[in-house]
Amino acid sequence: MLRGELKWLSVCVFDVDNFKTINDQYGHASGDALLTRITSIIKENIRQSDCIARLGGDEFVILFTDTQDENHAPAIVERIRVHVASAQFGEGDVAYNASCSFGIVSVTPDQLTLNDLPNQMLSSADEALYSAKHKGKNAVGIAMLSDLS
């Protein structure tokens with residue numbers, strides 16, 4: 001994608017709500033299977049131009065690029081949140097539900113030259129994630145563009 005075509009660049013940081021409890025209650029193999037399944041749900045709901053990566057543990061990041069005038073990242077993340085929350089994980093006696101909390105920050109092409117942009121975006125997305133956690137989890141927090149100025 002050429003830089004001139006880019007209308008939005010968004011970073012979403014997310015993690016699994018109560019992941020330690022899931023690991024403790026259902027075992028680490030079940031926790032690993034949960035992370036694999038959530039990753040599959042993410043891949044099914046993002047575009048080929050988007051990218052998902054594991055930051056560590058149960059924390060992931062999605063990079064969204066958009067050439068449309070409207071920023072689609074928040075709608076995509078909301079769809080992912082709903083899919084994860086409505087899915088059943090595990091099997092039989094170890095079947096359970098899980099949810100994720102998400103934090104998103106977006107910038108426009110004119111903001112791509114901000115100093116230390118990658119760290120600023122990750123930090124802002126992380127703050128939005130913790131805001132979502134404090135709202136009761138299974139939520140999407142959005143950082144405003146002005147937060148990066």
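What's counted below: heavy atoms across the whole structure, side chains too, no hydrogens, waters or symmetry copies.
- Residue pairs meeting the salt bridge (charged side-chain N to carboxylate O under 4.0 Å, His left out) criterion with at least one partner in residues 10-31, sequence neighbours excluded, are D15-K133, D17-K133, K20-D24.
- R47 and F64 get closest at one heavy-atom pair: NH2-CD2, 3.9 Å.
- Under the 4.5 Å side-chain heavy-atom criterion for grouping Ile, Leu, Val, Met, Phe, Trp and Tyr, L114 is connected to M121 within one hydrophobic cluster.
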Practice task
Check the pair I38, C100 against side-chain contact (heavy atoms from CB on, under 4.5 Å), reporting the backbone distance first and the verdict last.
Solution key: CA-CA 9 Å; I38 287 174; C100 294; 3.8 Å; yes
Exercise for the section: Evaluate side-chain contact (heavy atoms from CB on, under 4.5 Å) for K7 paired with T108, printing each intermediate quantity in order. Expected result: CA-CA 6 Å; K7 302 276 183 167; T108 55; over 6 Å; no
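- Residues L35 and G57 come closest through the heavy atom pair CD1-O, 3.8 Å.
- The hydrophobic cluster containing V11 also contains L112, counting ILVMFWY residues as joined when their side-chain heavy atoms lie under 4.5 angstrom apart, directly or transitively.
- Closest approach of R79 to N45, counting heavy atoms only: NH2-O, 2.9 Å.
- To the nearest 0.5 Å, atoms OG (S131) and CD (E127) are separated by 9.5 Å.
- With contacts defined as side-chain heavy-atom distances shorter than 4.5 Å, the pair E70/H72 qualifies.
- N18 and K137 form a side-chain donor-acceptor contact under 3.5 Å, judged by distance and modelled atom types alone.
- Side-chain heavy atoms closer than 4.5 Å link hydrophobic residues (I, L, V, M, F, W, Y) into clusters, and following such links, possibly through other members, connects V16 to V94.
- Here D66 contributes atom CG and E5 contributes atom CD; the two are 12.0 Å apart, rounded to the nearest 0.5 Å.
- The SG atom of C12 sits 12.0 Å away from atom CZ of R81, with the distance rounded to the nearest 0.5 Å.
- The local environment of CD in Q88 is crowded, with over 12 non-hydrogen atoms from other residues, nucleotides or ligands closer than 6.0 Å.
- Every pair passing ring-ring contact (aromatic ring centres under 6.0 Å, His included) that includes a residue from residues 89-116 is listed here, sequence neighbours excluded: F14-F102, Y26-Y96.
- In this structure, the separation between OG1 on T39 and CD on E44 is 11.0 Å, given to the nearest 0.5 Å.
- Hydrophobic clustering (ILVMFWY, side-chain heavy atoms < 4.5 Å, transitive): L55 and L117 are in one cluster.
- Of the candidates I76, V77, N71, N71 is the only one forming a side chain to side chain contact (heavy atoms under 4.5 Å, CB included) with P74.
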Practice task
Tell me, with the steps shown, if V13 and I62 meet side-chain contact (heavy atoms from CB on, under 4.5 Å).
Solution key: CA-CA 7 Å; V13 175; I62 307 171; over 6 Å; no
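- Across all their heavy atoms, T65 and D50 have their closest contact at N-OD1, 3.4 Å.
- Rounding to the nearest 0.5 Å gives a distance of 15.5 Å between OH of Y130 and NZ of K135.
- Residues I42 and H83 are not in side-chain contact: their nearest non-hydrogen atoms beyond the backbone lie 4.5 Å or more apart.
- Of all the heavy atoms in N97 and A85, the pair that sits closest is ND2-O, 4.2 Å.
- Taking every heavy atom of both residues into account, S101 and A132 meet most closely at CB-CB, 4.3 Å.
- For the atom pair I46 CD1 and L63 CG, the distance stands at 9.5 Å (nearest 0.5 Å).
- A distance-only check finds a donor-acceptor pair linking the side chain of T36 to the backbone of D32 [under 3.5 Å].
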